[in-house]
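Scroll down for the structure; my scribbles are underneath it.
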Amino acid sequence: MYDTEPRTADGKVLWHFTMSLDGFVAGPGHAMDWMAGLSNRPGLIDEYVRTTGAVLGGRDGWDLAVASGGRTYGGAWEGPVFVLTHHPEDATPADGVTFLDCGPAEAVRIGLEAAGGKNLEVLSPSIGRQLLDLGLIDEIDLHLAPVLLGDGIRLYDNPGATPIRLHRVGEGDPVSEVNVRYRPQPRAAVRT
């Protein structure tokens with residue numbers, strides 16, 4: 001079935017996230033604890049480690065990653081990381097991380113050059129939105145998690161914008177809906 005086939009392609013600007021069913025990629029304050037206990041298809045992380053040449057993220061995500069000791073793909077991937085920020089002077093430095101104070105299109109140019117023919121992964125909702133508006137996103141790869149967060153950081157938050165139509169990569173009708181079906185887990189009994 002094509003839903004489980006690898007869909008990354010070398011040399012792309014790839015906007016990549018695990019997202020809750022209600023459209024959030026992080027909880028309030030960029031919290032990521034909601035992802036604990038989730039699983040993904042076998043080989044997914046290895047696929048991204050193999051096809052990612054560089055990462056482009058934003059300052060809020062970087063600051064959180066530094067505070068939590070987080071590393072891309074749990075440390076399985078190593079390569080150049082670019083953090084787009086208007087205030088590089090007060091960012092926490094790290095080996096392999098370059099802070100960019102430029103426009104998003106220039107950040108993509110720099111990131112793709114550093115990626116050496118592999119993918120530039122965009123791991124920021126706000127930068128991804130800007131790149132999408134500029135026509136610089138080649139693919140969006142989403143992993144829908146069976147979670148409803150209700151609040152947090154949305155993948156795409158652009159009130160009043162014209163809808164952006166997407167075409168699914170793979171076999172079948174590229175504009176058909178994607179069907180997911182879940183049953184809520186029972187909540188713990190509420191005590192009064």
Side-chain angles (χ1 to χ4, degrees), residues 6-20 24-36 38 40 43-143 145 149 152-158:
R7 288 183 285 232
T8 57
D10 292 343
K12 301 280 185 178
V13 178
L14 185 66
W15 195 15
H16 175 225
F17 271 102
T18 296
M19 181 177 74
S20 68
F24 296 99
V25 295
H30 288 270
M32 301 302 288
D33 57 339
W34 62 274
M35 292 180 65
L38 295 175
N40 48 44
L44 180 69
I45 300 302
D46 292 338
E47 177 184 324
Y48 279 103
V49 167
R50 186 177 66 255
T51 60
T52 300
V55 169
L56 175 61
R59 178 65 185 273
D60 289 340
W62 171 253
D63 289 346
L64 181 68
V66 168
S68 66
R71 300 201 28 146
T72 306
Y73 299 118
W77 178 83
E78 290 187 23
V81 174
F82 298 94
V83 177
L84 194 54
T85 177
H86 294 297
H87 300 284
E89 70 279 355
D90 62 357
T92 304
D95 290 339
V97 177
T98 302
F99 297 96
L100 302 174
D101 183 7
C102 60
E106 178 67 4
V108 165
R109 187 195 65 74
I110 292 167
L112 280 172
E113 185 176 302
K118 291 185 175 183
N119 294 334
L120 172 63
E121 269 199 48
V122 178
L123 300 179
S124 165
S126 62
I127 294 170
R129 182 188 56 77
Q130 294 172 62
L131 296 177
L132 193 60
D133 289 346
L134 292 169
L136 296 175
I137 295 290
D138 294 309
E139 290 182 8
I140 302 169
D141 197 3
L142 295 176
H143 310 287
L149 291 180
I153 310 295
R154 290 200 175 277
L155 172 72
Y156 185 75
D157 195 11
N158 199 5

Legend entry - CA sep, side-chain torsions, deciding dist, call: E106, R109, salt bridge (Lys or Arg N to Asp or Glu O under 4.0 Å): CA-CA 5 Å; E106 178 67 4; R109 187 195 65 74; 2.7 Å; yes
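- Put simply, the side chain of T51 does not reach to within 4.5 Å of the side chain of K118, judged on heavy atoms.
- Interatomic distance, Y156 OH to L142 CG, rounded to the nearest 0.5 Å: 13.5 Å.
- Using modelled atom types, one side-chain atom of R59 and one backbone atom of H87 make a donor-acceptor pair closer than 3.5 Å.
- Using a 4.5 Å cut-off on side-chain heavy atoms (C-beta onward), P104 and L136 make no contact.
- Put simply, the side chain of V97 reaches to within 4.5 Å of the side chain of W62, judged on heavy atoms.
- With rounding to the nearest 0.5 angstrom, the OG atom of S20 is 9.5 Å from the CG atom of L155.
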Legend entry - Audit row: D101, H86, side-chain contact (heavy atoms from CB on, under 4.5 Å) steps and yes/no: CA-CA 5 Å; D101 183 7; H86 294 297; 3.7 Å; yes
Inset, instruction - For W15 and L131, run side-chain contact (heavy atoms from CB on, under 4.5 Å): C-alpha distance rounded to whole Å, both residues' side-chain angles, the deciding distance at 0.1 Å, then the answer. - result: CA-CA 9 Å; W15 195 15; L131 296 177; over 6 Å; no
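- In this structure, L44 and H143 have side chains that are in contact, with non-hydrogen atoms separated by less than 4.5 Å.
- Across I110 and F82, no two heavy atoms sit closer than the pair CG2-CE2, 3.7 Å.
- With values rounded to the nearest 0.5 angstrom, I137 atom CD1 is found 10.0 Å from I127 atom CD1.
- T18 is listed as a side-chain neighbour of W34, based on a closest heavy-atom distance under 4.5 Å.
- The shortest non-hydrogen separation linking G61 to H30 is N-CE1, 4.5 Å.
- Smallest separation of non-hydrogen atoms from G53 and P80: O-CD, 3.3 Å.
- The heavy-atom pair separating P125 from V25 by the smallest distance is CG-CG2, 3.8 Å.
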Inset, instruction - List the steps and the verdict of salt bridge (Lys or Arg N to Asp or Glu O under 4.0 Å) for R129 and D133. - result: CA-CA 6 Å; R129 182 188 56 77; D133 289 346; 3.2 Å; yes
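- L120 CG to E113 CD: the interatomic distance, rounded to the nearest 0.5 Å, is 12.0 Å.
- Considering all non-hydrogen atoms of both residues, S124 and F17 come closest at N-CZ, 3.5 Å.
- Atoms OH and CG, on Y73 and D46 in that order, are 11.0 Å from each other to the nearest 0.5 Å.
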Inset, instruction - Applying side-chain contact (heavy atoms from CB on, under 4.5 Å), run through T52 and H16 and close with a yes or a no. - result: CA-CA 11 Å; T52 300; H16 175 225; over 6 Å; no
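- The shortest side-chain heavy-atom distance between L84 and C102 falls under the 4.5 Å cut-off.
- Taking CH2 of W77 as the reference point, atom CD of E121 lies at 8.0 Å (rounded to 0.5 Å).
- In this structure, the side chain of D138 does not engage the main chain of L14 through any donor-acceptor pair within 3.5 Å.
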